[in-house]
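The structure appears right after this line, and notes come after that.
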Amino acid sequence: MTTINDGAAADDQTARLVAALRAALQDNEQLAYEKAALEAAAGEPIAIVGMACRLPGEVASPADLWQLVADGRDGVGEFPEDRGWDLDGLFDPDPDRAGRSYVREGGFLHGAADFDAAFFGISPREALAMDPQQRLLLETSWEALERAGLDPAGLRGTAVGVFSGVMYHDYATGLRNVPAGLEGFLATGTSGSVASGRVSYALGLEGPAITVDTACSSSLVAVHLAAQSLRGGESTLALAGGVAVMSQPSPFVEFSRQRGLATDGRCKAFADAADGTGWAEGVAVLVLERLSDARRLGHEVLAVVRGSAVNQDGASNGLTAPNGPAQQRVIRAALANARLTAADVDAVEAHGTGTPLGDPIEAQAVLATYGQGRPAEQPLWLGSLKSNTDGGPAVAGGRPPAPGGGVGLRGEWHQRPRHPGGGARRGASDTRRRARRRARCRARRPRGRRRPLAAVRRFRRCPARPGGAAARLHRGARPGTRRRGPGAGRVPDTAGAPCRRGGGRARRSPHRPGRARGRRRLARPGRRHGGRRRADRPRLPGSGFAVGGDGSAAAGRVGGVRRGSR
């Protein structure tokens with residue numbers, strides 16, 4: 001009897017051990033699956049499915065930007081006359097004159113004051129108290145979503161993140177007394193932290209809303225944070241970019257004292273004639289999504305961000321001086337994050353300070369990283385959009401084609417942009433000669449080659465914060481084109497392009513050719529609202545800016561749809 005009981009107990013113990021081992025194996029398999037899923041999510045490429053921008057040189061869309069760089073045009077112009085600046089008293093050719101600028105040209109958004117407040121349900125008083133940078137982010141975010149084929153109103157209540165780079169915080173800083181009726185609006189209207197939050201509030205987005213200020217690398221860092229948010233599951237979609245509008249001429253005055261500006265106001269990156277940097281304005285917003293989600297939802301993929309990195313140079317050779325070793329470290333970190341080698345990168349959209357100090361340091365860092373291990377028949381192309389538009393500090397990383405404005409595709413042609421002027425490329429040192437092959441013409445991409453891959457670099461001046469990202473341009477599509485279903489031909493990338501969701505196609509209105517029925521369209525920069533001339537607009541004293549039109553219901557209708565139809 002004891003023997004039988006002992007045998008039954010042994011069988012029962014064996015069964016329990018087998019069940020435990022089976023459960024452990026199943027748990028191991030589940031853990032391995034979850035580990036693989038986490039690793040895949042952490043390294044998943046981020047798709048760029050939409051973009052919008054406004055930049056100097058009358059650039060109002062990615063297609064306009066491509067045309068500007070393809071033609072080698074110059075977007076730099078004279079100081080604006082509608083901001084209340086004392087233009088006669090501001091300029092002085094003597095760089096030692098206090099309170100003066102020896103430069104009187106830069107890259108400006110001459111329609112920065114144009115804003116359709118009624119479209120976003122903003123009152124005239126609140127609109128007047130709002131920094132133009134907040135206004136531009138609102139409009140450009142809406143446009144970017146429309147260009148992605150998404151209905152901005154349909155995203156209300158979803159986990160869409162907003163990551164905005166903002167550097168200038170000088171709107172209304174000249175105010176001595178707050179005008180009647182504006183108290184209570186200036187605090188939010190001039191706060192940089194509200195710039196991203198206002199977009200989330202206006203569109204009802206419930207993902208993270210973060211404003212980034214790392215100076216010239218602000219929007220590239222914003223893209224970096226947006227990618228992390230998407231991979232971590234915080235956001236299902238993200239708006240990332242930056243804006244820069246100079247409400248006051250203080251950046252020109254400050255850098256004149258440091259003698260850091262080019263005398264003609266034009267940044268000549270990597271050129272022998274480079275004599276300083278140049279200041280510019282602009283706004284650019286990208287619509288980012290996990291690549292798997294973009295494919296599942298049928299969204300057009302314009303480019304893919306493979307990886308990015310951000311670092312700091314610590315206690316280096318100066319608070320404002322660029323640091324070569326730190327730049328090399330962040331480049332290698334970005335390549336490791338993207339799981340790429342330096343030889344995989346075809347072109348670099350560089351920071352390109354245009355100064356005798358910054359350019360050689362950056363060129364040496366590029367040579368020591370991207371320039372290593374490359375076959376002779378595969379040169380690295382180096383350039384900077386600053387040669388066309390000067391430097392819009394906070395917008396630098398977000399310029400389309402995202403994230404690098406210096407590289408674009410058109411069909412089978414890999415067209416490298418042209419850069420105006422600048423003379424011979426900088427050749428004083430062997431390092432700079434070997435590091436640079438400047439893109440001054442168009443070159444055909446050989447058939448059968450992989451899709452080109454570009455890297456974007458930005459660092460901030462005080463203190464230096466190098467930033468890097470690697471993006472593969474997708475589908476061989478030019479930024480100014482979009483596909484409409486299998487085998488469909490290309491159509492111009494304009495605000496009137498048909499709106500689609502999930503690969504579908506909106507019907508065009510029979511009343512307005514080229515415009516989708518029920519789809520609103522934002523006003524373009526420079527358009528007059530309410531029938532008033534620019535000089536008649538209400539102005540916030542000390543701000544240098546007015547609000548477009550009558551500052552209120554500037555246009556009773558926008559795109560043929562009344563406000564409130566959302």
| field | Considering all heavy atoms, the nearest Ile46-Ala227 contact | value | CG1-CB, 3.8 Å
| CD-OG distance between Glu349 and Ser384, expressed to the nearest 0.5 angstrom | 5.0 Å
| query | How many angstroms lie between NE2 in His351 and OG1 in Thr277, if you round to the nearest 0.5 Å? | reply | 6.5 Å
| note | Tightest non-hydrogen contact, residues Ala112 and Val245, listed as CB-CG1, 4.4 Å
| query | Below 4.5 Å, heavy atoms only, C-beta onward: do Leu239 and Val287 meet side chain to side chain? | reply | yes
| said: With a 4.5 Å cut-off on side-chain heavy atoms, are Val49 and Leu302 touching? | reply: no
| said: Less than 3.5 Å apart, any donor N or O on the side chain of Asp71 or Gln67 sitting next to an acceptor on the other? | reply: yes
| task | Determine, stepwise, if the pair Leu382 / Phe270 fulfils side chain to side chain contact (heavy atoms under 4.5 Å, CB included). | result | CA-CA 9 Å; Leu382 174 67; Phe270 306 108; 4.0 Å; yes
| task | Ignoring hydrogens and angles, tell me if any N or O in the side chain of Ser218 forms a donor-acceptor pair with the backbone of Ala215 under 3.5 Å. | result | yes
| said: Keeping Ser219 on the side-chain end and Ala222 on the backbone end, is there a donor-acceptor pair under 3.5 Å? | reply: no
| query | Can you check whether Glu139 reaches Phe115 side chain to side chain, under 4.5 Å on heavy atoms? | reply | yes
| said: Side chains of His169 and Asp213 only: does a donor on one sit below 3.5 Å from an acceptor on the other? | reply: yes
| request: Start with the C-alpha gap between Arg54 and Glu281, add the side-chain angles, then the distance that decides, and say whether salt bridge (Lys or Arg N to Asp or Glu O under 4.0 Å) holds. | output: CA-CA 9 Å; Arg54 300 179 188 178; Glu281 302 174 335; over 6 Å; no
| Quick one: are Asp88 and Asp86 in side-chain contact, heavy atoms under 4.5 Å? | yes
| task | Sequence neighbours left out, what passes side chain to side chain donor-acceptor pair (under 3.5 Å) with Ser191? Give chain and number order. | result | Ser193
| What is the distance from atom CG of Leu137 to atom CZ of Arg135, rounded to the nearest 0.5 Å? | 12.0 Å
| field | Cation-pi, Phe91 ring and Arg104 (6.0 angstrom, 45 degrees) | value | yes
| Results of side chain to side chain donor-acceptor pair (under 3.5 Å) for Ser250 - residues two or more places apart only | none
| Atom CG of Asp114 and atom CG of Leu109: how far apart are they, to the nearest 0.5 Å? | 10.5 Å
| query | Among all residues two or more places apart in sequence or in another chain, which pass the salt bridge (charged side-chain N to carboxylate O under 4.0 Å, His left out) test with Arg259? | reply | Asp96
| query | Looking only at heavy atoms, what is the nearest atom pair of Ala144 and Ala52, with distance? | reply | N-CB, 3.6 Å
| Quick one: side chain to side chain contact (heavy atoms under 4.5 Å, CB included) partners of Ala262, sequence neighbours excluded? | Asp264, Lys268, Asp275
| field | 4.5 Å side-chain heavy-atom contact, Val166 and Asp131 | value | no
| note | Looking only at heavy atoms, the pair that brings Pro208 and Phe163 closest together is CB-CZ, 4.1 Å
| Does the side chain of Asp64 reach to within under 4.5 Å of the side chain of Glu58, using non-hydrogen atoms? | no
| request: Identify the residue among Leu203, Val199, Leu237 that makes a side chain to side chain contact (heavy atoms under 4.5 Å, CB included) with Val160. | output: Leu237
| request: Applying side chain to side chain donor-acceptor pair (under 3.5 Å), name anything that partners Ser200, two or more places apart in sequence or on another chain. | output: none
| query | With Glu126, which residues qualify under salt bridge (charged side-chain N to carboxylate O under 4.0 Å, His left out), at least two apart? | reply | Arg198
| task | Walk me through it: do Arg266 and Asp74 pass the test salt bridge (Lys or Arg N to Asp or Glu O under 4.0 Å)? | result | CA-CA 9 Å; Arg266 287 163 171 78; Asp74 185 351; 2.5 Å; yes
| message | Please check: side-chain N/O of Glu146 versus main-chain N/O of Pro152, any donor-acceptor pairing under 3.5 Å? | response | no
| query | Where the side chain of Gln134 meets the backbone of Thr188, is there a donor-acceptor pair that is under 3.5 Å apart? | reply | yes
| message | Are Leu138 and Met130 packed together at the side-chain level, in the sense that at least one heavy-atom pair is separated by less than 4.5 angstrom? | response | yes
| request: Report the distance from atom CE of Met246 to atom CE of Met167, rounding to the nearest 0.5 Å. | output: 9.5 Å
| message | Quick one, Arg100 with Val253, criterion side chain to side chain contact (heavy atoms under 4.5 Å, CB included). Give me CA distance, side-chain angles, the key distance, then yes/no. | response | CA-CA 6 Å; Arg100 303 289 192 272; Val253 175; over 6 Å; no
| message | Determine whether a donor-acceptor pair (N or O, by modelled atom type, separation under 3.5 Å) exists between the side chain of Asp359 and the backbone of Gly354. | response | yes
| Backbone of Pro251 reached by a side-chain donor or acceptor of Trp279 within 3.5 Å | yes
| Partner set under salt bridge (charged side-chain N to carboxylate O under 4.0 Å, His left out) for Arg97, not counting sequence neighbours | Asp92
| From CA spacing to verdict: side chain to side chain contact (heavy atoms under 4.5 Å, CB included), Leu385, Leu65 | CA-CA 10 Å; Leu385 185 62; Leu65 174 61; 4.0 Å; yes
| said: For the CH2 atom of Trp142 and the CZ atom of Arg147, what is their distance to the nearest 0.5 Å? | reply: 14.5 Å
| Are any side-chain N or O atoms of Arg257 and backbone N or O atoms of Pro95, one a donor and one an acceptor, separated by less than 3.5 Å? | yes
| Residues that Ser196 engages under side chain to side chain contact (heavy atoms under 4.5 Å, CB included), provided they are two or more places apart | Val162, Ser164, Ala209, Thr211
| note | Looking only at heavy atoms, the pair that brings Leu136 and Thr140 closest together is O-OG1, 2.7 Å
| query | Who pairs with Phe79 by ring-ring contact (aromatic ring centres under 6.0 Å, His included), at least two apart in sequence or on another chain? | reply | Trp85, Phe108, Phe252
| note | On a heavy-atom basis, the closest approach of Ala240 and Ala226 is CB-CB, 3.9 Å
| Hey, are the side chains of Thr173 and Gln248 touching, using non-hydrogen atoms and a 4.5 Å cut-off? | yes
